[in-house]
Amino acid sequence: MTDAAASKPSLPTYADVEAAALRIKGVAHHTPVLTSATANRRTDASLVFKAENLQRMGAFKFRGGYNAIAALSPEQKRAGVVTYSSGNHAQAIALAGKLLGVPTTIIMPEDAPVAKVEATQAYGGEIVRYDRYSQDRLAIGGRLAAERGLTVIPPYDHPHVIAGQGTATKELIEDAGPLDILLVCLGGGGLLAGAALAAKALNPGCRVFGVEPEAGNDGQQSFRSGKIVKIAVPKTIADGAQTAFLGDLTFPIIQALVEDIVTVSDAALIDAMRFFAERMKLVVEPTGCLAAAAAFTGAVPVAGKRVGVILSGGNVDLASFARFIAPAG
Ligand SMILES: *Cc1c(COP(=O)(O)O)cnc(C)c1O
């Protein structure tokens with residue numbers, strides 16, 4: 001492990017989000033904010049969707065990955081980085097590494113979606129596979145880092161990753177104006193922690209909610225009990241939120257700044273995927289539908305409010321997408 005990875009970093013602040021915005025400027029897409037009269041009628045609210053499914057490599061993770069690699073020292077960049085991911089962070093690191101000329105090694109689960117594995121390889125990342133139900137990806141990453149002198153860039157529990165993810169909310173509030181409520185999907189909490197930092201700095205009255213899959217509500221349990229709760233890898237179609245625990249950095253930020261954490265079912269995710277495809281002509285992956293599903297199901301009451309909804313990603317292979325949106329029966 002490098003010294004930077006071994007010593008515990010301090011919590012990122014909104015100043016780090018602003019620094020990240022400068023690093024990613026002109027490289028990451030400034031994604032559009034979309035609206036839908038049908039979505040507004042359905043929820044009796046005014047919804048603004050931040051379309052991170054249209055981000056480079058198809059998810060917000062490019063923001064944090066690029067920010068983290070760009071912030072490394074020249075020596076660290078020369079040696080390269082290693083990460084572990086169920087997919088989108090892997091693609092983000094592989095693409096950011098390619099753009100910045102930094103070699104990348106990616107530890108990916110054997111059952112990761114085919115589209116995500118292929119895209120990561122295409123971006124030039126070296127892939128090491130593991131069994132997510134029996135092997136510890138952190139241990140594998142630590143060993144590779146030690147053997148090869150690589151810097152570990154974890155998918156969420158890293159100050160520059162959190163700060164980079166916060167830039168999506170910074171753009172959303174700057175573009176759409178003040179919000180009453182912000183809905184953010186929750187895996188390990190990098191996106192939610194970054195979103196909360198940006199929202200509370202720019203729009204202190206905005207109430208920020210995290211949304212998890214029903215099958216994996218470790219974040220909700222942690223939030224409500226005040227300590228990080230670890231669960232078995234949850235079985236859900238929201239593969240980007242199959243994390244088993246929040247991070248040592250993401251959890252305290254979430255605890256301090258987030259209103260509550262709610263859950264939605266896989267069926268509600270499928271309903272939302274259909275809605276985005278049919279009404280807004282958008283391909284949103286199951287995990288990317290978590291926040292919207294909380295508005296559609298009423299898991300967070302939104303009637304009469306101005307509501308920001310982050311559509312976090314669009315990476316789903318077409319065969320799965322077709323299965324998900326096919327009419328029942
Ligand atoms: C990673 C990911 C999430 C969850 O983000 P965290 O920072 O781990 O909470 C949500 N949606 C998509 C599409 C993702 O790739």
Side-chain angles (χ1 to χ4, degrees), residues 12 31 49-65 67-68 83-95 108-109 112-113 115-116 119-120 137 153-169 183-198 208-213 216-220 222-223 228 233-234 236-251 253-254 258 261 264 269 272-273 276 282-294 309-316 320-321:
T31 53
F49 297 99
K50 179 64 169 166
E52 285 296 296
N53 58 317
L54 304 179
Q55 184 52 263
R56 287 187 83 160
M57 54 63 50
F60 72 90
K61 289 238 175 45
F62 182 69
R63 296 171 181 273
N67 185 48
T83 194
Y84 39 84
S85 169
S86 68
N88 284 335
H89 178 68
Q91 289 177 67
I93 290 296
L95 175 57
M108 289 187 102
K116 294 183 177 182
T120 305
R137 64 187 193 174
I153 304 194
Y156 52 87
D157 211 28
H158 184 292
H160 288 130
V161 171
I162 295 168
Q165 318 308 30
T167 61
T169 295
L183 302 176
V184 185
C185 48
L186 172 59
L191 182 64
L192 179 58
L197 287 175
V208 181
F209 291 85
V211 187
E212 278 184 316
N217 74 333
D218 61 287
Q220 186 181 56
S222 304
F223 187 79
I228 296 174
V233 175
T236 164
I237 61 170
D239 57 284
Q242 279 183 313
T243 40
F245 49 88
L246 298 178
D248 293 334
L249 302 178
T250 59
F251 181 55
I253 297 171
I254 289 168
V258 168
I261 293 170
V264 298
L269 297 180
M273 284 177 89
F276 289 118
L282 294 175
V283 174
V284 185
E285 64 181 277
T287 316
C289 289
L290 282 164
V309 177
I310 298 189
L311 303 181
S312 57
N315 290 328
V316 50
S320 309
F321 186 69

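Read the numbers this way: they start at 1 and go in the same order the structure lists the ligands and their atoms.
No side-chain donor-acceptor contact under 3.5 Å links Gln165 to the backbone of Ala195. Side-chain atoms of Asn53 come within 3.5 Å of backbone N or O of Val283 as a donor-acceptor pair. A donor-acceptor pair under 3.5 Å is formed between the side chain of His89 and the backbone N or O of Ile153. Gln91 places no side-chain N or O within 3.5 Å of a backbone atom of Ala119 that could act as its donor or acceptor partner. A donor-acceptor pair under 3.5 Å is absent between the side-chain atoms of Thr243 and the main chain of Phe245, judged by distance alone. No donor-acceptor distance shorter than 3.5 angstrom exists from the side chain of Thr83 to the backbone of Ala90, with no hydrogens or angles considered.
Using modelled atom types and a 3.5 Å distance limit, the side chains of Gln55 and Thr31 yield no donor-acceptor pair.
Here is the list of ligand 1 atoms found below 4.0 Å of a heavy atom in Gly190: 6 (P), 7 (O), 9 (O). With ligand atoms numbered from 1 in the order given, ligand 1 contributes 1 (C), 2 (C), 3 (C), 4 (C) to contacts under 4.0 Å with heavy atoms of Gly240. The distance from ligand 1 to the heavy atoms of Thr287 drops below 4.0 Å at these ligand atoms: 10 (C), 11 (N), 12 (C). Shown in contact with Phe60 at under 4.0 Å from a heavy atom are these atoms of ligand 1, numbered in order with element: 1 (C), 2 (C), 3 (C), 5 (O), 10 (C), 11 (N), 12 (C), 14 (C). Under a 4.0 Å criterion applied to the non-hydrogen atoms of Gly313, ligand 1 contributes the atoms 13 (C). Atoms of ligand 1 lying under 4.0 Å from at least one heavy atom of Cys185, given by number and element, are 10 (C), 11 (N). For ligand 1, the atoms sitting less than 4.0 Å from at least one non-hydrogen atom of Asn88 are 13 (C), 14 (C), 15 (O), numbered in the order shown with element in parentheses.
Of the residues Leu192, Leu290, Thr169, the one that meets the side chain to side chain contact (heavy atoms under 4.5 Å, CB included) test with Ile310 is Thr169.
When hydrogens are left out, the protein atom nearest atom 13 (C) of ligand 1 is Ser312 OG, 3.2 Å; that is the closest non-hydrogen contact. Protein heavy atom nearest atom 8 (O) of ligand 1, with residue, atom name and distance: Gly188 N, 2.8 Å.
Within the structure, ligand 1 lacks Pro155 among the residues with a heavy atom less than 4.0 angstrom away. Using a 4.0 Å cutoff on heavy atoms, Gly189 counts as a contact of ligand 1.
Here Glu285 has side-chain heavy atoms under 4.0 Å from ligand 1, and that is the only part of it that gets that close. With a heavy-atom cut-off of 4.0 Å, Lys61 touches ligand 1 through its side chain alone.
A distance below 6.0 Å separates the ring centres of Phe276 and Phe49.
For Leu191, a nitrogen or oxygen atom sits less than 3.5 Å from a nitrogen or oxygen atom of ligand 1, counting backbone and side chain alike.
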